[in-house]
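We use all heavy atoms of the structure for the numbers below, so side chains are in, but hydrogens, waters and symmetry mates are not. These figures come from a predicted structure and were not determined experimentally.
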Amino acid sequence: MKKLFLGIKGHIVCLNKQTGRELWRKKLRSSNLTNMVFDGDSLHAYCRGHIFSLNPNTGDILWENELHGLGYGYCMIASEDSNNKSQAVSAAQAQQATAGLITASSAGAAASS
C-alpha cells in the first residue's frame, strides 16, 4: 500500500494513496504551516519551532526537538538520502507560495480597513 502524507494546520495526516482513506492523524502543534520529509523508514515534520520524527506506519512520535533559540520561522527539511532533493525543492516552493499568500492576504485586509 502506498501512503500520502499531508501537513496541514499543525497535523500530519496519512492517507491510503489509492483509495484516499485516512489511515492515521497526529496533532503536533497549533500552526498553519506543517512541512515534512519522508525518508523511507521515518517521517520528519516541522511545526511551530519544533521538529518531530514520526513512525510513518502509525503516526507515533519517535522523538521531538524544540530547536531552542531558533524561533518559529519557516523551515526547510532535507535528508542525506539523495531521493529527497525534489521533496526539499517542492517544500521550499510551497513555503514561498504560502508566505506570498499570507503577505497578500494581510495587505488586502489592511487596505480594506
Side-chain angles (χ1 to χ4, degrees):
M1 166 182 33
K2 303 269 183 168
K3 296 180 182 83
L4 180 65
F5 300 101
L6 308 172
I8 184 167
K9 291 200 172 196
H11 291 78
I12 300 292
V13 180
C14 179
L15 303 177
N16 177 310
K17 194 173 181 179
Q18 296 162 332
T19 66
R21 184 176 66 89
E22 186 173 311
L23 302 173
W24 56 260
R25 177 185 302 208
K26 185 67 160 185
K27 180 169 178 46
L28 301 177
R29 298 184 62 78
S30 296
S31 175
N32 284 333
L33 180 65
T34 307
N35 57 0
M36 70 198 116
V37 65
F38 175 67
D39 68 8
D41 58 356
S42 56
L43 178 66
H44 304 284
Y46 171 82
C47 185
R48 193 162 169 78
H50 292 235
I51 185 96
F52 299 85
S53 181
L54 293 93
N55 178 319
N57 297 312
T58 64
D60 292 337
I61 295 175
L62 303 174
W63 54 259
E64 175 182 358
N65 183 322
E66 296 179 14
L67 302 173
H68 289 288
L70 295 176
Y72 299 109
Y74 296 112
C75 175
M76 293 188 344
I77 305 171
S79 169
E80 62 187 358
D81 180 0
S82 62
N83 293 330
N84 286 327
K85 289 179 184 173
S86 63
Q87 291 178 344
V89 170
S90 296
Q93 291 170 340
Q95 288 175 359
Q96 290 170 352
T98 301
L101 290 173
I102 292 169
T103 302
S105 175
S106 298
S112 65
S113 297

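- Nearest heavy atom pair, residue Lys3 against residue Cys14, reads CD-SG, 3.6 Å.
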**Request:** Would you sort out whether Tyr46 and Met36 count as a side-chain contact (heavy atoms from CB on, under 4.5 Å), showing the intermediate values?
**Result:** CA-CA 6 Å; Tyr46 171 82; Met36 70 198 116; over 6 Å; no
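- For His50 and Glu64, the side-chain atoms include at least one donor-acceptor pair closer than 3.5 Å.
- The closest donor-acceptor contact from the side chain of Trp24 to the backbone of Pro56 lies under 3.5 Å.
- For Leu70, the side-chain contact (heavy atoms from CB on, under 4.5 Å) partners are Leu67, not counting sequence neighbours.
- Phe52 meets the ring-ring contact (aromatic ring centres under 6.0 Å, His included) test with no other residue; sequence neighbours excluded.
- When all heavy atoms of Val13 and Ile8 are compared, the closest pair comes out as CG2-CG2, 4.4 Å.
- Contacts of His44 classified as side-chain hydrogen bond (donor to acceptor under 3.5 Å, both in side chains), with partners at least two apart in sequence or in another chain: Asp39, Ser42.
- For Asn55, there are no side-chain hydrogen bond (donor to acceptor under 3.5 Å, both in side chains) partners, not counting sequence neighbours.
- Taking the salt bridge (charged side-chain N to carboxylate O under 4.0 Å, His left out) definition, one finds that Arg25 meets it with Glu22, sequence neighbours left out.
- The side-chain hydrogen bond (donor to acceptor under 3.5 Å, both in side chains) check on Asn65 picks up nothing, with sequence neighbours excluded.
- To the nearest 0.5 Å, atom CZ of residue Phe5 and atom NZ of residue Lys17 are 10.5 Å apart.
- Minimum interatomic distance between Cys47 and Gly10 (heavy atoms only, all atoms of both residues): SG-CA, 3.6 Å.
- The minimum heavy-atom distance linking Ala45 with Leu54 is given by the pair CB-CD1, 4.2 Å.
- Between Leu15 and Leu6 the shortest heavy-atom distance is CD1-CD1, 3.8 Å.
- The CG atom of Asp60 sits 12.0 Å away from the CG atom of Leu43 when rounded to the nearest 0.5 Å.
- Side chains of Leu28 and Ile61 form a contact here, defined as non-hydrogen atoms less than 4.5 Å apart.
- Asn16 and Lys2 form no side-chain donor-acceptor contact under 3.5 Å, judged by distance and modelled atom types alone.
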